[in-house]
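No hydrogens, no waters, no symmetry mates; every other heavy atom, side chains included, goes into these values.
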Amino acid sequence: MRAPHMIAERALDTMKVAAREQVLVAMLGIPRLLRHSVWTTVDTTQGQGLGVLLVPGDHTLSLTSTWLRARGYRPTGAGIGFTVGCTTDLVDKLERRLEAHAETTGGQVVLIGQSRGGTLARLLTTRRPDLVRGLIMLGSPVVEPLNAQRDVMAIAALLTRLSTLGIPGLMNTDCLSGTCYNTNITALTTPLQTPALSIYSRSDAIVPWQCSLDPHAEHLEVHTTHTGMAFDPTVYKALNHQLIAWADSPALAPAC
């Protein structure tokens, strides 16, 4: 077993690399996206007021929120900050956010989640299919979620160690092997009652692409990095196509 200081060093190195990638991808990807027709062609009525909950949405999907709002959707962030907390606690918070947004918009809500945010959105969809019009996951580990890259698991191990030291709001050991883990793994394998799309990339260095192949969702392969999905025109084309279909069709009643 690795010593705690080795786990911490690997986790910190991974977070630094991820931060640099995000900055680089944003610098290169945003100008390309803003010039693309999927961004410049705007129909302000296409969303018809359809509510969208972005997970996490408070930082990583802010550009997506702008794109959605310009097209007549009503997006909101998840209000959970970084997705580093206990899985069940985060889904509980998301459920309250979903209920509030469904009440505000007057109907079912689309969930869009990136990375672990998509995993949380998938869990929420299983829990509250009555409030979800559709689900879109971007590079999300929903099949064997602990089969992420070694460096990512080092971050998870660091978070659980910090949690045992009394730091609140972090993932704990029960999320990786315990009641919380078992409950949520069962929920992730439960067939979905709402339409779903999982977008993945074989160039994803964070989440192995096989982990995104939810057997109860449609799949779409794109050619971008893990972070780059939020800035890739191909992803926005897929969002555009799927969201228009959901906005134009009536709400679905969950199966009994």
Side-chain angles (χ1 to χ4, degrees), residues 25-26 29-81 93-115 117-118 120-122 124-125 128-140 192-199 217-220 222 224 227-254:
V25 168
I30 290 178
R32 174 170 171 255
L33 174 62
L34 297 186
R35 292 192 301 266
H36 199 278
S37 60
V38 76
W39 186 277
T40 59
T41 303
V42 180
D43 176 357
T44 60
T45 65
Q46 78 176 45
Q48 303 178 52
L50 178 64
V52 181
L53 178 60
L54 299 167
V55 190
D58 308 296
H59 41 88
T60 57
L61 294 174
S62 58
L63 199 64
T64 308
S65 180
T66 299
W67 182 84
L68 289 166
R69 189 171 287 107
R71 287 155 181 77
Y73 299 95
R74 299 180 66 180
T76 187
I80 58 175
K93 293 177 182 177
L94 283 173
E95 183 176 12
R96 293 191 290 271
R97 192 77 162 191
L98 173 62
E99 290 173 339
H101 201 43
E103 182 175 356
T104 298
T105 58
Q108 291 179 321
V109 174
V110 172
L111 303 184
I112 301 178
Q114 184 175 20
S115 194
L120 297 172
R122 209 287 190 190
L124 180 59
T125 300
R128 294 302 305 270
D130 57 310
L131 296 182
V132 179
R133 178 64 189 87
L135 167 67
I136 297 176
M137 300 167 282
L138 308 176
S140 300
L192 290 165
Q193 300 181 45
T194 56
L197 173 66
S198 181
I199 299 177
E218 294 185 27
H219 307 141
L220 174 66
V222 296
T224 184
T227 305
M229 287 191 186
F231 312 108
D232 187 82
T234 304
V235 172
Y236 281 83
K237 284 183 179 180
L239 292 179
N240 198 50
H241 175 77
Q242 190 61 81
L243 289 170
I244 288 175
W246 288 340
D248 284 342
S249 59
L252 296 176

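Listed for the T66 side chain is a donor-acceptor partner under 3.5 Å among the backbone atoms of S62. Under the 3.5 Å distance criterion, the side-chain polar atoms of R133 are left unmatched by any main-chain donor or acceptor of L243. Of the possible polar contacts, none joining the T44 side chain to the R71 backbone as a donor-acceptor pair under 3.5 Å is found.
The CG atom of L94 sits 5.5 Å away from the CG atom of L124 when rounded to the nearest 0.5 Å. Separating the CE atom in M137 from the CG atom in L120 is a distance of 12.0 Å, to the nearest 0.5 Å. Once rounded to the nearest 0.5 Å, the distance linking CH2 of W39 with CD1 of I30 reads 8.5 Å. Note that CD1 of I199 and OG1 of T234 are 9.5 Å apart. Values are rounded to the nearest 0.5 Å. The line from CG of L239 to CG of L68 is 7.0 Å long, rounded to the nearest 0.5 Å. Atom CZ of R128 is separated from atom CD of Q108 by 11.0 Å, given to the nearest 0.5 angstrom.
Taking all atoms of both residues into account, the shortest heavy-atom contact from I244 to Y73 is N-OH, 3.6 Å. For L53 against A78, the heavy-atom pair with the smallest separation is CD1-CA, 3.9 Å. Shown here for L54 and P75, the closest heavy-atom pair between the two residues is CD1-CB, 4.3 Å. The shortest heavy-atom contact between Y236 and A230 is OH-O, 2.8 Å. In terms of heavy atoms, S140 sits closest to G113 at OG-O, 3.7 Å. The nearest pair of heavy atoms linking Q114 to T227 is NE2-O, 3.7 Å.
Side-chain atoms of Q48 and D248 include a donor-acceptor pair closer than 3.5 Å.
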| Trace of the side-chain contact (heavy atoms from CB on, under 4.5 Å) decision for V109 with R74 | CA-CA 9 Å; V109 174; R74 299 180 66 180; over 6 Å; no
| Audit row: T76, T104, side-chain contact (heavy atoms from CB on, under 4.5 Å) steps and yes/no | CA-CA 11 Å; T76 187; T104 298; over 6 Å; no
| query | Checking side-chain contact (heavy atoms from CB on, under 4.5 Å) for the pair L33/V38: CA distance, chi angles, key distance, verdict? | reply | CA-CA 8 Å; L33 174 62; V38 76; 4.0 Å; yes
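Atom CD of E218 has 12 or fewer heavy atoms from other residues, nucleotides or ligands within 6.0 Å. Heavy atoms of other residues, nucleotides or ligands lying less than 6.0 angstrom from CD of E99 number more than 12.
Exactly one of T224, L63, L34 qualifies for a side-chain contact (heavy atoms from CB on, under 4.5 Å) with F231. That residue is L63.
Between T64 and V235 the shortest side-chain heavy-atom distance does not fall below 4.5 Å. Contact annotation: the side chain of L111 never approaches that of T194 to less than 4.5 Å [non-hydrogen atoms, C-beta and beyond]. Side-chain contact between H101 and L131 is absent, with no heavy atoms from C-beta onward closer than 4.5 Å.
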